[in-house]
Amino acid sequence: MPPSLRDLPQLSELLEHPTVQRALERVNQSTIAQQATGFLNELRAGAARAVEGVPTNVGDLAEAFVRRVLRERGHAEPLVNATGVVLGGVWDGVPLSEAAVHRVMVLASDYAMVDGAYVRSVEQAAAAAAGCEDALVFSSRAALEACCLAAGWDNFERAWIAGLVDPETHGLASVPTVAARLKDRADAVAVSGDGLLGGPACAVVFGRSSTLQGVREHEAYAAAAPNRVALAALEATLGLYQDRETLIHKLPVWSLLTTPRDNLRQRAERLAPLLAAIPGVAAAEPMEDISPWCKADGLHLEASTWCVRVESGTASVESAAARLERDERVAARQRSDALHLDLRAVFPRWDQRLVAATESGFG
């Protein structure tokens, strides 16, 4: 074991240091403990790799830890989405799969040649996944519309939320797939990459080669093509569709949409007493509910879910919700007399964060 790894303090030693105690006395204690654990784990990983410059003095570490906790938050931080809305809302896009994140890291962490051959390979993968002849990938819906306007082409159906799997197969409201739409009535179908496809925020048009070739050859298409980050994420996302049986476990959108109601109920029943014990919370109880899982592009699709209904003992519902979202990065559904923490769009890994955030938001 490297000497620096042995010299790192224990978690309790760091948390009990006067610098941490003074600076963070008003910060939620559960949050502090979680962040301190991650902080020390990062240092241990660095020491294990024999990275030079890892401090071991507890005083220096305490100051570094305080700076991390109190640093100014950026505008784009992870959000715990307890609204129940999987598709739609004010956030940007949908969570990407681990495969997509890894592929982006590989391609974006160094110089890369993204030529027409790579773009074409991703388009062919998209067409194969949808079971159609051809596909075109655009950087965004706006870029698609601008390109098609310049090319004088508008012969396609806009079905932005649609993807390659119909939610009806999992007991939700039907959103016909790209393949179904092409079979029934459309020469081409345009969808958003971050809809039911579950990928990056781009646009993909599926259809016949004869229909799409003229747009591909138009000079406006070059300006509308996606960058390497979007292509990499889309490529990895499409790869997951090769195994439909494991798809719901690997693609976040489908993992959230297909979570069994009993699973949501058990989590709600486990979280409710923890939330009820928080000072400032008058009551917290598990509750079955109906909520929209899709609020995008004119669609309002609902399904049964489980929530934790939280009543505030001090602040109003509006102020509690605003504080949670502003200070704790937790978005919840507001009702007239309580907040509903809908677990439909909350990954299980965020459950403890939900408790800690509620403690801070209602404290």
Side-chain angles (χ1 to χ4, degrees), residues 24 26-39 69 73-74 76-92 94-96 252-253 255-293 295 303-335 337-363:
L24 304 181
R26 298 184 63 185
V27 180
N28 175 266
Q29 296 304 302
S30 297
T31 300
I32 293 174
Q34 289 176 351
Q35 291 183 311
T37 300
F39 177 70
V69 175
R73 287 181 170 180
E77 291 199 358
L79 176 80
V80 180
N81 175 13
T83 67
V85 180
V86 177
L87 298 177
V90 298
W91 33 87
D92 182 25
V94 298
L96 294 177
V253 163
S255 176
L256 293 171
L257 289 177
T258 60
T259 301
R261 287 193 295 274
D262 280 348
N263 179 290
L264 299 178
R265 175 183 56 79
Q266 291 169 9
R267 289 169 58 197
E269 291 174 347
R270 185 174 65 250
L271 288 172
L274 299 176
L275 296 170
I278 294 173
V281 172
E285 59 181 357
M287 186 184 77
E288 191 171 14
D289 199 1
I290 300 294
S291 69
W293 57 267
K295 293 176 64 176
S304 61
T305 186
W306 276 83
C307 307
V308 181
R309 181 181 177 275
V310 181
E311 294 183 21
S312 175
T314 54
S316 67
V317 173
E318 292 78 10
S319 62
R323 185 175 177 182
L324 275 177
E325 187 164 343
R326 181 188 67 245
D327 298 338
E328 305 301 329
R329 298 298 195 266
V330 172
R333 280 213 319 276
Q334 293 185 49
R335 292 293 184 262
D337 58 346
L339 287 182
H340 287 194
L341 301 177
D342 191 331
L343 300 182
R344 169 61 65 189
V346 178
F347 294 106
R349 67 175 182 269
W350 289 117
D351 282 2
Q352 187 57 44
R353 163 77 180 277
L354 202 56
V355 175
T358 304
E359 184 177 352
S360 293
F362 282 77

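All heavy atoms count here, side chains included; hydrogens, waters and symmetry mates do not.
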Check your understanding: Got a sec, which pairs hit side-chain hydrogen bond (donor to acceptor under 3.5 Å, both in side chains) with one end in residues 277-287, sequence neighbours left out?
Key -> none

Exercise for review: Would you list the pairs meeting salt bridge (Lys or Arg N to Asp or Glu O under 4.0 Å) in which at least one residue belongs to residues 311-322, sequence neighbours left out?
Suggested key: R309-E311

Review point. Which pairs, with at least one residue in residues 271-282 and sequence neighbours excluded, count as a salt bridge (Lys or Arg N to Asp or Glu O under 4.0 Å)?
Key: none

Pair up each side-chain donor or acceptor in residues 265-275 with any protein partner under 3.5 Å, not counting sequence neighbours, and list the distances.
from: R265; atom 1: NH1; to: E269; atom 2: OE1; distance (Å): 3.2
from: R265; atom 1: NH1; to: E269; atom 2: OE2; distance (Å): 3.4
from: R267; atom 1: NE; to: D351; atom 2: OD2; distance (Å): 3.0
from: R267; atom 1: NH1; to: V346; atom 2: O; distance (Å): 3.4
from: R267; atom 1: NH2; to: V346; atom 2: O; distance (Å): 2.8
from: R267; atom 1: NH2; to: D351; atom 2: OD1; distance (Å): 2.8
from: R270; atom 1: NH2; to: D351; atom 2: OD2; distance (Å): 3.4

Exercise for review: Mind checking side chain to side chain donor-acceptor pair (under 3.5 Å) for R335 and listing every partner two or more places apart, or none if nothing turns up?
Suggested key: none

**Study point:** side chain to side chain donor-acceptor pair (under 3.5 Å) involving D342 - partner list, sequence neighbours excluded
**Key:** S291, T305, R333

Exercise for review: Find the distance between CG (L343) and CG (D289) and round it off to the nearest 0.5 Å.
Suggested key: 11.0 Å

**Study point:** Interatomic spacing from OG in S312 to CG in D337 - rounded to 0.5 Å
**Key:** 11.5 Å

Point to revise | For A303, side chain to side chain contact (heavy atoms under 4.5 Å, CB included) partners two or more places apart | key: L172, W293

Minimal non-hydrogen separation, [X] against [Y], with atom names:
X	Y	value
L96	P252	O-CG, 3.4 Å
R344	S304	NH2-O, 3.2 Å
A345	V85	CB-O, 4.0 Å

Review point. Considering residues at least two apart in sequence or located in another chain, which fulfil the salt bridge (Lys or Arg N to Asp or Glu O under 4.0 Å) criterion with E288?
Key: none

**Study point:** Criterion side chain to side chain contact (heavy atoms under 4.5 Å, CB included) on L339 and T358, from CA distance to verdict
**Key:** CA-CA 11 Å; L339 287 182; T358 304; over 6 Å; no

Exercise for review: Could you tell me whether the side chain of V94 reaches within less than 4.5 Å of the side chain of V86, counting heavy atoms only?
Suggested key: no

